[in-house]
Amino acid sequence: MKPIAVRAQIKESATLAMNARAKRIAASGEGARVISLSVGEPDYPPPPQVAELTTAFIGEKKGRLVYTAGHGIPELRRTIAAKVRERTGVVYDPEKEIIVTVGGKHGLAGAVLALVNPGDRVLIPSPYWLSYPPMAVFAGGEPVIIDCLDTGFKLTVDKLRAAAHPRNVALFINSPSNPTGAVYTREELVALGEEAARQDLWIISDEIYDRLLYDGAEFTSIPALPGMRERTLLANGVSKTYSMTGWRIGYVCGPEPVLKAMKTLQSHMTSNPCAAAQQAALAALSLSEDELMAHLGPHLESLRRRRALALEHLGRLPGLGVSVPAGAFYIVVDVRPFLGTPLGASGEPVKDDEELAFRLLDDEHVAVAALTPFGAPGFLRLSFAVPDADLVEGIARLARFLRLA
Ligand SMILES: Cc1ncc(COP(=O)(O)O)c(C=O)c1O
């Protein structure tokens, strides 16, 4: 039997594997309740219009949903264009420069497939969202990791310049970032954009956390910066802001030649995103800013409060480095000082963050994301999009495991 292709021999998404193990333990009913601080989704409901309008649509059609345009229904693309214009000032042609995708992840993967030839280098500042390197690999490209642990988790112009190479084709920027919550300032992005232009790079701007900001941090959309629209693919979706992860709708906006290639690829891979889900996204994205904020405001406030609560409790743990996120809903903690030391009830040491996360789950029933798969060995990511009691109890169990309590 011939072996499977090399590009398919990558590891399963570590966060999904962790969630599966946490669910297995929870379902077994053994021991204490599992607390999941590893989730990548908000815990608030989507706007009520989503369920109302989508069920009405399905009822009206008597369940007979048919294929739509491969790049999404025109109303949704027009609504995306209007929303993006309102938010960023950038104008995209809904027919030629926008594609609706099966979640933000699919949009990013499509962008990489459209841009990257075999052997091309894809620049990825680390820590990064764990799916970026596999996306480059799938396209036959080479993920090139730029370590940004010593620059506040952000790429700098010097680092981008040092990575210059004739085979560089694309650069991922994710602001606000998963896992770190780092948010680039406008000035930083202008400078990076200039260097990207000097190297003639495409920028894949993952803007999925654009509304989740703290402490006065401001979101900057890269295509809105001078000269950037023509070399940027803006990727976003309804998963995070609208809390619609299961609907699987994302979108990408960018220059026509790339979008045309993405549409062709999509037409052969998925046809169109689910017709009902497109209606749901249409209901969400059609909300005016006032309507959206009336729904979202209290939930954003609650995330702010829980971020402060988590930082307060983590801040009490000596020896644990804690980074303060400016966006998204994750906190990164540095567990390097605890590797190789006695941990948990057994006192058995662990060698790395992944082993630590699994032991923490087995011993204390707390799920967190280990950051080796995100390019940051020795770090963990904790989500604060969970109920207060879980946050406090989860951190208390982490402290006990680390022998700090
Ligand atoms: C940084 C980042 N980009 C993109 C996505 C994709 O979101 P989805 O495919 O659920 O729309 C996620 C989801 O976790 C993310 O964290």
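Residue indices begin at 1 and follow the sequence shown. Order of appearance sets the numbers: ligands from 1, and atoms from 1 within every ligand.
- Residues satisfying the side-chain hydrogen bond (donor to acceptor under 3.5 Å, both in side chains) criterion with Asn236, sequence neighbours excluded, are Asp210.
- Atom numbering of ligand 1 starts at 1 in the shown order; those under 4.0 Å from a heavy atom of Arg248 are 8 (P), 9 (O), 10 (O), 11 (O).
- Regarding atom 7 (O) of ligand 1, its nearest protein heavy-atom neighbour is Ile208 CD1, 3.9 Å.
- Remark: ligand 1 atoms within the under-4.0 Å shell around heavy atoms of Lys105 are 6 (C), 8 (P), 9 (O).
- Both cation-pi conditions hold for Arg381 and Tyr330: the charged atom is under 6.0 angstrom from the six-membered ring centre and inside a 45 degree cone around its axis.
- Remark: ligand 1 atoms within the under-4.0 Å shell around heavy atoms of Gly103 are 9 (O), 11 (O).
- Between Ser239 and ligand 1, at least one pair of N/O atoms sits closer than 3.5 Å.
- Ionic pairing of Asp215 and Arg304 is not present here: no N-O contact between side-chain nitrogen and carboxylate oxygen is shorter than 4.0 angstrom.
- Between Glu256 and Lys260 there is no salt bridge, since none of the side-chain N atoms of the basic residue sits less than 4.0 Å from a carboxylate O of the acidic one.
- Given atom 2 (C) of ligand 1, the protein heavy atom at minimum distance is Asp206 OD2, 3.3 Å.
- Using a 4.0 Å cut-off between a side-chain N of Lys or Arg and a carboxylate O of Asp or Glu, Arg161 and Asp158 qualify as a salt bridge.
- Taking every heavy atom of Gly104 and a limit of under 4.0 angstrom, the matching atoms of ligand 1 come to 8 (P), 9 (O), 11 (O).
- Using a cut-off of 4.0 Å between Lys/Arg side-chain N and Asp/Glu carboxylate O, Glu218 and Arg186 are scored as not salt-bridged.
- Residue contacts with ligand 1 include Lys240, since one or more of its heavy atoms lies under 4.0 Å from the ligand.
- Those atoms of ligand 1 that come under 4.0 Å of a heavy atom in Asn174, given as number and element, are 1 (C).
- Counting only residues at least two apart or on different chains, the salt bridge (charged side-chain N to carboxylate O under 4.0 Å, His left out) pairs with a member in residues 196-209 are Glu195-Arg198, Asp200-Arg231.
- Annotation: atom 5 (C) of ligand 1 to nearest protein heavy atom, Trp129 CH2, 3.4 Å.
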